[in-house]
Amino acid sequence: MRFGAWCLASAATAALLLGGCKGETPAPTASETASAEAPSQTEAATEPVADASEVAVGGGRAEKVENDTYEFSYAYPDAAGAIPGLKANLDKQLETSRTDLVGSAKEGQADSKENDYPYHAYSYGEEWKVVTDVPNWLSLSSEIYTYSGGAHGMTTFDALLWDRHAKTARKPIDLFTSKDALSKAIRTPFCAALDKERVKRRGSPIDKSDEMFSECIDPVEQVVILGSSNGQTFDRIGLLVPPYNAGPYAEGSYEVTVPVTGAVMATLKPQYRSSFSIAK
């Protein structure tokens, strides 16, 4: 399950005001229909490809490659692929991520042979989805799964905004005067919502003796995403929290939604305030 558009919304965390979520179990999330570019001739000579295909439909792109050395997947939606500058940005990220994975996987495989221990294919999977589409902005978030040996893989997140007016990609946090200002504006509702979800998952009150997973965390040190309930302005802020940041690995990732308030509006850079509104 992914953190999808707040306006278009998934069902896993409908209790959140925005109605979309990422999966809370660390597993690869690339589209099941994803496909990928065949490996280079050099790779093909040394690595038998179990599945390699590529699909580009309506501007979107989905890739998937699986072999004994690595598993790679990457996808983005039609809405992103329809914007040439954004498409180029995501295609570049795709190639960089694939190159990094192939290099590290080959190193890991060589090390396993040299030191005589079992090698398990490394993995990288990333899927971008639309959070919301409002005038002048396309808001996207991605869930990333990586595995490079060890007991389990890891889930992390990313986010970006496409500024249609300036024709450039921005990070959501860049629309605010500072991370510290935004953190202060949303910390109280964020901490309350986080603790409520912790209690729900743990089935008991928070154990204050567990200093690692009982105290609040800085909301803006998580991945910040911007959403909308009205289709016109940003009036919701999402905080995507990977495993270990708010709880043990078994609890998976967390996502917290807070409304845009007057305090939040005051932290915005002047040129972006017209793109936000106080949540009703």
Side-chain angles (χ1 to χ4, degrees), residues 2-3 22 26-31 33-47 49-57 59-111 119-131 138-150 153-163 166-174 221-225 240 242 253:
R2 291 271 296 107
F3 195 101
K22 283 190 164 58
T29 59
S31 170
T33 59
S35 47
E37 222 172 65
S40 66
Q41 293 181 353
T42 300
E43 292 174 16
T46 58
E47 300 166 11
V49 176
D51 179 12
S53 54
E54 179 175 14
V55 172
V57 180
R61 184 175 180 182
E63 289 208 10
K64 186 176 182 180
V65 177
E66 295 182 5
N67 54 52
D68 292 339
T69 305
Y70 65 89
E71 298 177 1
F72 175 81
S73 60
Y74 194 103
Y76 57 79
D78 290 351
I83 302 171
L86 178 54
K87 180 178 176 64
N89 182 304
L90 294 174
D91 284 343
K92 182 178 180 180
Q93 289 188 31
L94 183 157
E95 297 302 338
T96 298
S97 298
R98 176 162 49 193
T99 298
D100 290 347
L101 172 65
V102 172
S104 61
K106 288 181 176 179
E107 289 180 2
Q109 190 175 50
D111 186 72
Y119 174 78
H120 300 287
Y122 283 18
S123 297
Y124 182 95
E126 181 168 12
E127 183 178 12
W128 288 93
K129 287 194 174 182
V130 175
V131 177
L138 178 65
S139 176
L140 300 171
S141 70
S142 78
E143 183 175 4
I144 304 164
Y145 174 83
T146 57
Y147 175 77
S148 55
M154 187 63 186
T155 298
T156 55
F157 304 100
D158 198 2
L160 67 80
L161 297 170
W162 182 257
D163 183 338
K167 296 182 179 180
T168 190
R170 302 187 189 280
K171 288 294 185 181
I173 196 67
D174 293 340
E221 291 304 318
Q222 317 314 308
V223 173
V224 176
I225 61 177
L240 306 181
S253 57

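Model, not experiment: these values are computed from the prediction.
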In Å and rounded to the nearest 0.5 Å, what is the [atom1] to [atom2] distance from [X] to [Y]?
X	Y	atom1	atom2	result
Trp162	Leu90	CH2	CG	9.0 Å
Ser148	Met154	OG	CE	11.5 Å
Thr146	Asp100	OG1	CG	12.0 Å
Lys129	Ser142	NZ	OG	11.5 Å
Leu138	Leu86	CG	CG	6.5 Å

Pair Glu95 + Arg98, salt bridge at N-O below 4.0 Å: yes

Which heavy atom in [X] sits nearest to a heavy atom in [Y], and how many Å separate them?
X	Y	result
Leu160	Gln93	CD2-NE2, 4.4 Å
Val130	Ala79	CG2-CB, 3.9 Å
Lys87	Gly81	CD-O, 3.5 Å
Ile225	Ala159	CG2-CB, 3.4 Å
Asp158	Val223	C-CG1, 3.8 Å
Thr155	Pro242	O-CB, 3.3 Å

Check against side chain to side chain contact (heavy atoms under 4.5 Å, CB included), Val131 and Leu140: CA-CA 5 Å; Val131 177; Leu140 300 171; 5.5 Å; no

When the ring planes of Tyr147 and Tyr122 are compared, do they come out parallel, tilted or perpendicular, using 30° and 60° as the limits? perpendicular

Could you go through the side chain to side chain contact (heavy atoms under 4.5 Å, CB included) check for Ile144 and Glu126 one step at a time? CA-CA 4 Å; Ile144 304 164; Glu126 181 168 12; 3.6 Å; yes

I'd like to check [X] versus [Y] (side-chain heavy atoms, cut-off strictly below 4.5 Å). Are they in contact?
X	Y	result
Thr69	Tyr119	yes
Ser123	Tyr145	yes
Phe72	Val102	no

Holding to side chain to side chain donor-acceptor pair (under 3.5 Å), I want the full list of residues that pass it with Asp91, two or more places apart in sequence or in another chain. Arg61, Tyr76

Suppose we screen for side chain to side chain donor-acceptor pair (under 3.5 Å). Which residues come up paired with Asp111, at least two apart in sequence or across chains? Asn115, Tyr117

Side chain to side chain contact (heavy atoms under 4.5 Å, CB included) evaluation trace for Tyr70 with Ser104: CA-CA 9 Å; Tyr70 65 89; Ser104 61; over 6 Å; no

Within a 6.0 Å radius of atom NZ on Lys171, are there more than 12 heavy atoms belonging to other residues, nucleotides or ligands? yes

